[in-house]
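For reference, the structure is listed below as structure tokens.
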Amino acid sequence: MAKEITSRSEDYSQWYNDLVRKGGLADHSAVKGCMIIKPHGYAIWENMRDQLDKMFKETGHVNAYFPLFIPKSFLSKEAAHVEGFAKECAVITHYRLMNDPNGGGVIVDPSAKLEEELIVRPTSETIIWDAYKDWIKSYRDLPILINQWANVVRWEMRTRLFLRTTEFLWQEGHTAHATAEEAVIETRQMLDIYATFAEEFMAMPVIKGVKTANERFAGAEDTYTIEALMQDGKALQAGTSHFLGQNFAKAFDVKFMTEHNTEELVWATSWGVSTRLIGGLIMTHSDDEGLILPPKLAPLQVVIVPIPKPTPELADAADKIIKDLKGRGISVKYDTDERNRPGFKFAEYEMKGIPVRLGLGMRDLEQNQVEVARRDTKEKTSVSLDGIGDYVENLLADIQSSMFEKAKKYRDEMITSVDDFDEFQRVLDEKGGFVLAHWDGTVETEKRIKELSKATARCIPLDSKPEAGKCVLTGEPSTQRVLFARAY
RNA sequence: CGGGGUGUAGCGCAGUCCGGUAGCGCACUUGGUUUGGGACCAAGGGGUCCCAGGUUCGAAUCCUGGUACCCCGACCA
């Protein structure tokens, strides 16, 4: 009728687009590859942001803000970093417009050319380390544990709402340490925070691991990642935490005096997650009826729908429920909109992924009960109004955990160990998901595997045990299995 | 950046081949009847047909260029 969603089986990409658009999360904007994040989508981001921010602060981090524009010369100071980002930077060349003397609106004023061009940050390591150079003189100035919430721009060739947009919102942590050991601990700590956030709040199971050299962040010594699996069997890199070694300290000449009066280079980390997480959230849980949101991140957790329409009696009953739920910190709305009938509202709230719906009509009131519908399983039950608060509170917790369990069961079933390349290819083609395979550790083999199978090395899982074996492609010796998948 | 597709009312589309002054469904407005899973009847309102140029007496339709989005590849969070 009003809003049809393409089914996942028919066209997975179109299903995703339909959910983003019809679920009210985002729209395309007038600028290529950029999106308008609409209130429902932005509210999810705000919930993610607030929770992560809390976790960052609990571990001693503070927020700051560095500029959007970076002098072009900064980017070229770290060789690997330039290599990684040069191809996707937006460049500011002028600072003024003027009326077109030939008519036809405004043109760039050729006399307003910048002495040094500016780039729009694709990430902020360079401008931050240029500042750290002045901030860090002594071991007493360390560590610096700064995070910033910001937008960044990466001029990608192909974009998809939330998953890869030209401009996106994220947080980037940038820390400076006196020792390598401390920086590594920080890198791993932030990876753990991301994993905890993904699993406990997004209900999205992830595999923690370290990236292969080929997949590593430009300028990092080691890149740690959390990898999630989407319902179509493709992997999604959901967050990364980098041990940057002394690469940026060298590039920006950031040294400090130790307590032994020696001069040493500073050790660094950076770590980030972005609005891409929203794409991961959608593709982990949602179904053909619309979004399914975990209660801990849902902009609205409970909606009460009067049946067939609002009346004073129903309003009284709803008020009592609202008071009870709000006292428990549960967000709830009583839908008094008389333009639509209940059936329409049911479909609409299902589309938007509201975890719990309470259907309240006179028939229910006469029996002192309410109809409770959970979005994740679409189960409906009638529950006594006495103790409804306890029931809903428990139900939300149950939805949160069962969404995680369901996603984890699927993910675990989609991890396949393979020992020869035919099987490697066949599993990817017929089943999808993660493939655990031996690899000889060379970039050449990794690239060859990608060419042949479209699958990339996602990570070397942190919990993997050393295991002697032979590379799935070359037969060369290998000491452990690596996680491969086709990825977003 | 290559290949394919699409752009017409808020949304989804027909009309384009074969040029003649724009239509359907949903949504919207008004009135009425309805109401436990996307209500029904009636009467209305709403359009630079993506943009710019060209051909023509006349262009949504033909030609040229541009632009945006979608799908598939190469590059990436």
Side-chain angles (χ1 to χ4, degrees), chain A residues 1-6 11-18 20-22 24 27-35 83-89 104-105 122-123 152-172 194 211 214-218 223 225-228 235-242 270-280 289-290 305-311 314 338-351 357-367 369-371 373 378 380 382 447 450-451 454 456 458 487-488:
Chain A
M1 288 286 289
K3 295 190 176 179
E4 286 295 328
I5 299 174
T6 305
D11 184 342
Y12 194 83
S13 293
Q14 192 55 48
W15 167 80
Y16 176 82
N17 288 329
D18 284 354
V20 171
R21 300 291 299 280
K22 293 171 182 172
D27 274 337
H28 291 287
S29 81
V31 181
K32 179 179 172 63
C34 293
M35 65 177 167
E83 179 81 15
F85 286 106
K87 294 189 296 283
E88 52 193 49
C89 287
T123 177
V152 287
V153 168
R154 296 182 187 175
W155 217 266
E156 300 287 351
M157 288 174 179
R158 194 172 161 192
T159 57
R160 298 199 61 191
L161 291 168
F162 290 113
L163 296 172
R164 182 172 293 103
T165 45
T166 300
E167 179 193 15
F168 57 94
L169 305 184
W170 78 343
Q171 57 70 216
E172 46 181 326
Y194 288 155
K211 287 288 188 186
N214 196 39
E215 299 284 328
R216 194 180 285 156
F217 174 74
T223 289
T225 179
I226 51 170
E227 296 286 327
L236 181 79
Q237 178 176 307
T240 49
S241 183
H242 315 288
S270 70
W271 27 275
V273 294
S274 72
T275 36
R276 170 179 251 204
L277 288 178
I278 295 174
E289 271 76 55
V305 178
I307 297 169
K309 60 182 182 183
T311 65
L314 295 178
E338 295 196 48
R339 286 176 301 180
N340 295 309
R341 292 152 51 111
F344 183 90
K345 293 178 179 179
F346 293 174
E348 202 65 17
Y349 288 116
E350 278 160 11
M351 176 92 69
R357 183 186 72 235
L358 304 181
L360 190 62
M362 285 313 293
R363 196 191 297 169
D364 300 294
L365 279 194
E366 282 157 16
Q367 297 171 65
Q369 63 185 25
V370 62
E371 184 189 75
K378 298 198 78 183
K380 290 196 280 197
S382 283
K447 285 184 175 168
K450 186 177 175 183
E451 276 172 32
K454 312 280 184 219
T456 50
R458 302 316 305 156
Y488 278 97

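What you see is a predicted model, and the numbers here were worked out from it, not measured in a lab.
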Produce the list of close N/O pairs, under 3.5 Å, pairing protein atoms with atoms of nucleotides 33-35 of chain B; give distances to one decimal.
residue	atom	partner	partner atom	Å
U34(B)	O2	Arg341(A)	NH1	3.2
U35(B)	O4	Lys309(A)	NZ	2.8

[atom1] spacing across the pair [N] / [M], given as an integer number of angstrom:
{"N": "G25(B)", "M": "U35(B)", "atom1": "P", "result": "26 Å"}
{"N": "A27(B)", "M": "G12(B)", "atom1": "P", "result": "15 Å"}
{"N": "G46(B)", "M": "C24(B)", "atom1": "P", "result": "14 Å"}
{"N": "G5(B)", "M": "A14(B)", "atom1": "P", "result": "15 Å"}
{"N": "A22(B)", "M": "U48(B)", "atom1": "P", "result": "13 Å"}
{"N": "C49(B)", "M": "U61(B)", "atom1": "P", "result": "9 Å"}
{"N": "G65(B)", "M": "G2(B)", "atom1": "P", "result": "14 Å"}
{"N": "A59(B)", "M": "C51(B)", "atom1": "P", "result": "15 Å"}

Which residues pass the side chain to side chain donor-acceptor pair (under 3.5 Å) test with Arg357(A), sequence neighbours left out? Glu350(A)
Measure from [atom1] on [X] to [atom2] on [N] and round the result to the nearest Å.
{"X": "Glu348(A)", "N": "C26(B)", "atom1": "CD", "atom2": "C1'", "result": "13 Å"}
{"X": "Arg21(A)", "N": "C70(B)", "atom1": "CZ", "atom2": "P", "result": "9 Å"}
{"X": "Asp11(A)", "N": "G5(B)", "atom1": "CG", "atom2": "P", "result": "17 Å"}
{"X": "Met351(A)", "N": "G38(B)", "atom1": "CE", "atom2": "P", "result": "15 Å"}
{"X": "Asn17(A)", "N": "C69(B)", "atom1": "CG", "atom2": "C1'", "result": "10 Å"}
{"X": "Tyr16(A)", "N": "C71(B)", "atom1": "OH", "atom2": "C1'", "result": "16 Å"}

Under the ring-ring contact (aromatic ring centres under 6.0 Å, His included) rule, collect the residues that match up with Tyr12(A), sequence neighbours excluded. Trp15(A)
Taken in chain and number order and not counting sequence neighbours, the residues that satisfy ring-ring contact (aromatic ring centres under 6.0 Å, His included) with Tyr16(A) are none
Can you list the residues that meet the side chain to side chain contact (heavy atoms under 4.5 Å, CB included) rule with [X], with sequence neighbours excluded?
{"X": "Met157(A)", "answer": "none"}
{"X": "Ser274(A)", "answer": "Phe168(A), Trp170(A), Arg276(A)"}
{"X": "Arg21(A)", "answer": "Asp27(A), His28(A), Leu161(A)"}
{"X": "Gln369(A)", "answer": "Asp364(A), Gln367(A), Ser382(A)"}

Which one is paired to [N], where only Watson-Crick or G-U wobble pairs with both distances under 3.5 angstrom count?
{"N": "A77(B)", "answer": "none"}
{"N": "A68(B)", "answer": "U6(B)"}
{"N": "C40(B)", "answer": "G32(B)"}
{"N": "G25(B)", "answer": "C11(B)"}
{"N": "C57(B)", "answer": "G20(B)"}

Pairwise 5' ranking along RNA chain B for Gln14(A) and Ala347(A), keeping only the more 5' one: Ala347(A)
[X] and [Y]: which non-hydrogen atoms are nearest, and at how many Å?
{"X": "Phe162(A)", "Y": "Gly279(A)", "answer": "CB-N, 3.8 Å"}
{"X": "Leu277(A)", "Y": "Ala238(A)", "answer": "CD2-O, 3.2 Å"}
{"X": "Leu163(A)", "Y": "Leu236(A)", "answer": "CD2-CD1, 3.9 Å"}

Distance-only donor-acceptor test, [X] side-chain atoms vs [N] base atoms, 3.5 Å:
{"X": "Glu350(A)", "N": "G38(B)", "answer": "no"}
{"X": "Lys380(A)", "N": "G37(B)", "answer": "yes"}
{"X": "Glu371(A)", "N": "G36(B)", "answer": "no"}

Please write out each protein N/O paired with an N/O of nucleotides 46-50 of chain B under 3.5 Å, distance rounded to 0.1 Å.
none

Salt bridge (Lys or Arg N to Asp or Glu O under 4.0 Å) partners of Arg339(A), counting only residues at least two apart: Asp337(A)
Restricting to salt bridge (Lys or Arg N to Asp or Glu O under 4.0 Å), what partner residues turn up for Glu338(A), sequence neighbours left out? none
Touch class at under 4.0 angstrom, heavy-atom based, for Arg339(A) against every strand present: nothing
When all nucleic acid strands are considered with a 4.0 Å heavy-atom cut-off, which category describes Gly280(A): base, sugar-phosphate, or nothing? nothing
Please encode protein proximity along nucleotides 72-77 of chain B as a string of B, S and -, counting only heavy-atom distances under 4.0 Å. BBBBBB
Counting only side-chain N and O atoms of Asn340(A), is one of them less than 4.0 Å from OP1 or OP2 of G37(B)? no
What is the ring orientation for Phe217(A) with His242(A), classed by angle as parallel under 30°, tilted 30 to 60°, or perpendicular over 60°? parallel
Using a 4.5 Å cut-off on heavy atoms from C-beta on, say whether the side chain of Arg458(A) contacts that of Thr225(A). no
Counting side-chain heavy atoms from CB outward, which of G37(B), G36(B), G38(B) is closest to Phe344(A)? G38(B)
